[in-house]
Amino acid sequence: MAVLGSKFSTASSLFFVPNQFTQQLKAAEAVVPLYELRQQKKLLESQLISSLDGCNNLLQIKQVHANVIRKGLDQCCYVLTKLIRVLTKINVPMDPYPRLVFEQVKYKNPFLWTALIRGYFLQGSLRESISLYGSMRREGIGPVSFTFSALFKACSEVLDVCLGRQLHAQTILVGGFASDLYVGNTMIDMYVRCGSLDCGRKVFDEMPERDVISWTELIVAYAKKGDMKSASRLFDGLPLKDKVAWTAMVTGYTQNAKPREAIEYFESMQNSGIETDEVTLVGVISACAQLGAVKYANWIRDIAERSGFGPINNVVVGSALIDMYSKCGAIEDAYRVFEGMKERNVFSYSSMILGLAMHGRAHAAIQLFHDMVKTETKPNRVTFIGVLTACSHVGLVEQGRQLFASMEKCYGIAPSADHYACMVDLLSRAGCLEEALELAQTMPMEPHGGVWGAILGACQIHRNPDIAQLAANHLFELEPHAIGNYILLSNIYASVGRWNNVLRVRKLMKEKGLKKNPGCSWMEGKKGEIHEFLAGDLTHPRSIEIKQALQDLLDRLRANGYQPNLSSVPYDVSDEEKNRILMTHSEKLALAFGVLTTSAGCTIRIMKNLRICEDCHLFMCGASEIIGREIVVRDNMRFHHFREGICSCGNFW
DNA sequence: ATAGGGTTAG
């Protein structure tokens, strides 16, 4: 090949020596079979590599290795590098097997060296790894930037920032590598993954040359830390913004609970002519899920479908859409997406199960779980959270116990504190407060806020101020600033008329400088605009009409047997005053507005920032019957579908 | 070959 190459390697041979032209042709003919041979070898290599990719045990790898030797590729660094990497992946000790593979190659390239160095490193033989790095240098092979990239990658995998720093020093010592773009980028990534964002930033600032990857790495790091200000400042300075960088911003805002900004960035991204892919879509879909607005939900779904990443063929987009529609209150749409998907994985099932549970369709959720385990998709910890939540919302204590027991026995999943929290929730809601308390006190790990919070919540349903105080004591330690716990405890005391205790809790809140969140409800208008209602607030332009509509509703409800639940007012005031306060609750204002502005037969959808109170719940039940409409309320916990006087939660929330 | 992604309960 080298001989042939030299024969027509210069232009002069072609143009100035005519009698060589025929030689050229002959040479070309000779090249063709060689070329084919090369293609064949390439094909063979890639076949062997993909079969190595499919290996997950030593025996399979050894078979492929035998095949490699039979085909005469026992000196091919490309394939053997892969072999060593696969052996590393399944944790085969570097000595002796991978080491032997390495030794048998006469001309080792830097990739092969690096594979072995990385292998030793990942298996904890740091010294061997460093000494190999020394031998490599003595043999005059590198290091190449790739070696450092691999080593930094290894550092970030084992989160060893100390060694990372030493290697960083090496890159400067050896000379030149600290300014290499690849090395720099992997260094940034290493520091960032190890939690040293500032060091990553320093590397970035000192790099003589940066590319969009360097920028994006840092943007993501700032976003993950919750510092969107720094992230967006960097992004603004980025000269060439590509798809990944834009997506990092969209997703960053989503992950920091800023859905409107995420959607804004997505729109600017589209306006800049950057194409959308599935990763971007997933970020925006999550943002729409947080917004909870059906209008946006349909908007992004359309975009997904038009861009060729629709839910039918794309399992990730599909799963995100299921979650989004559930959180927008459109559980039917969520189910239609689920049904239409060609492929479903554990995310799709878990999202659907959680969605059904959130909407009070517990039996459907449990049924879906049983359907799921008949398929090849194995449930994971999140799936169990979903199905246990479902049990708890309909009070299926026995079924919940069985499922909980089956986690470890049938699926090899050790219950986590969160799963215990579900069980405690299930028991305490069902009225077994003592048993729930005992489980919280005997569970194998320290109970977290979720566990005590479940008990506290159930104490309101079952009017048990003593256990409530006990749970609250734990909560005040674990979450001293979570205002909801204080309010809940005070409401529990209020509901049984222990006003002294109510005052004590209020005083505690005051001492800690905690202020009650005002209740707030909102509705999506016909054009997608948001109408917001604060408790007791009459600043809406149509508040006179709203007040009148609410009064009409109240009169009709009373005529139908509704009696206001006065214990929902946590103040020690007259019954008359209690009656008045109840009618200022924000969800009632929103309901009256909904009655005024939507046409008959149309579902009224209300969102609320706090948990719906008992009286409003009762009121909604009655209203759904009287006006003959479905009312959907999303409170901070879950969805309530009120239809013909009955709520999907079975008065159990 | 170094950058971006979906489900979590009170």
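Residue numbers start from 1 in every chain, and the chains themselves are labelled A, B, ... in the order their sequence lines are given, proteins ahead of strands.
Heavy atoms of A/Gly283 sit nowhere under 4.0 angstrom from any nucleic acid atom. Note on A/Leu354: only backbone sugar-phosphate atoms sit closer than 4.0 angstrom, heavy atoms only; bases stay farther off. Looking at heavy-atom distances under 4.0 Å, A/Val316 makes contact with a base. A/Asp211 comes within contact range of no nucleotide atom at all, as no heavy-atom separation falls under 4.0 Å. Using a 4.0 Å heavy-atom criterion, one finds that A/Gly449 contacts the bases of the nucleic acid, with or without backbone contacts as well. Using a 4.0 Å heavy-atom cutoff across all strands shown, A/Tyr349 reaches no nucleic acid atom at all. Contacts of A/Ser319 with the nucleic acid, taken as non-hydrogen atoms under 4.0 Å apart, include base atoms. Counting any heavy atom pair closer than 4.0 Å across all strands shown, A/Met637 reaches sugar-phosphate atoms only and no base atom. Using a 4.0 Å heavy-atom distance criterion, A/Thr280 is classed as a base contact.
Out of B/dG4, B/dT7, B/dT2, the shortest distance to the side chain of A/Val244 is found at B/dG4. The listed nucleotides are B/dT2, B/dG10, B/dG6; the one nearest the side chain of A/Asn345 is B/dG6. Minimum atom distance to the side chain of A/Asp418 is reached by B/dT8, of the listed B/dT8, B/dA3, B/dG10. Set against B/dT7, B/dT8, B/dA3, the side chain of A/Ser351 has B/dT7 as its closest nucleotide. Distance from the side chain of A/Asp242 is smallest for B/dA3 among the nucleotides B/dA3, B/dG6, B/dG5. Ranking B/dT7, B/dG4, B/dG5 by closeness to the A/Glu278 side chain, first place goes to B/dG5. Closest approach to the A/Arg381 side chain among B/dT8, B/dT7, B/dG4 is made by B/dT8 (side chain taken as heavy atoms from C-beta onward). Of the candidates B/dG6, B/dG10, B/dT7, B/dG10 carries the atom nearest the A/Leu475 side chain, counting heavy atoms from C-beta on. Checking B/dG4, B/dG10, B/dG6 against the side-chain heavy atoms of A/Val315 singles out B/dG6 as nearest. Each of B/dG10, B/dA3, B/dT8 was ranked by its minimum atom distance to the side chain of A/Asn485; first place goes to B/dG10.
Using modelled atom types and a 3.5 Å distance limit, the side chains of A/Ser230 and A/Asp227 yield a donor-acceptor pair. Side-chain atoms of A/Ser348 and A/Asn345 include a donor-acceptor pair closer than 3.5 Å. A donor atom on one side chain and an acceptor atom on the other are found under 3.5 Å apart for A/Asn298 and A/Tyr325.
At B/dG5, one or more side-chain N or O atoms of A/Gln255 fall inside 4.0 Å of OP1 or OP2 (strictly under the cut-off). For B/dG10, the OP1/OP2 oxygens have a side-chain nitrogen or oxygen of A/Arg429 closer than 4.0 Å. OP1 or OP2 of B/dT8 has at least one side-chain nitrogen or oxygen of A/Lys327 nearer than 4.0 Å. A/Arg193 has a side-chain polar atom (N or O) that falls below the 4.0 Å cut-off from OP1 or OP2 of B/dA3. Remark: A/Lys224 is in phosphate contact with B/dG5, judged by side-chain N or O atoms under 4.0 Å from OP1 or OP2. Between B/dG6 and A/Gln290, no contact under 4.0 Å exists linking OP1 or OP2 to a side-chain N or O.
Between the base of B/dG10 and the side chain of A/Glu479 there is a donor-acceptor pair shorter than 3.5 Å.
Between the side chain of A/Arg210 and the main chain of A/Phe204, a donor-acceptor pair closer than 3.5 Å is present.
One interatomic measurement links the two molecules: CG of A/Leu234 to P of B/dG4, which rounds to 15 Å at whole-angstrom precision. Protein atom CG of A/Asp425 is 6 Å distant from nucleotide atom P of B/dG10, rounded to whole Å. Atom CD1 in A/Ile219 sits about 20 Å away from atom P in B/dT2, given to the nearest Å. Across the protein-nucleic acid pair, A/Tyr182 atom OH and B/dT2 atom P stand 9 Å apart, rounded to whole Å. When the P atom of B/dG10 is taken as reference, atom CH2 of A/Trp452 falls 17 Å away, rounded to whole Å. As a whole-Å value, the separation of A/Met352 CE from B/dG6 P is 19 Å. In this structure, A/Tyr420 atom OH and B/dT8 atom C1' are separated by 17 Å, rounded to whole Å. Atom pair A/His393:NE2 and B/dT8:P shows a separation of 13 Å (rounding to whole Å applied).
Environment of CD in A/Glu339: crowded, with over 12 heavy atoms of neighbouring residues, nucleotides or ligands closer than 6.0 Å. Sparse packing is recorded around CD1 of A/Ile312, with 12 or fewer heavy atoms of other residues, nucleotides or ligands lying under 6.0 Å away.
A/Trp215 and A/Phe235 have their aromatic ring centers separated by at least 6.0 angstrom.
In terms of heavy atoms, A/Met190 sits closest to A/Ser156 at CA-CB, 3.8 Å.
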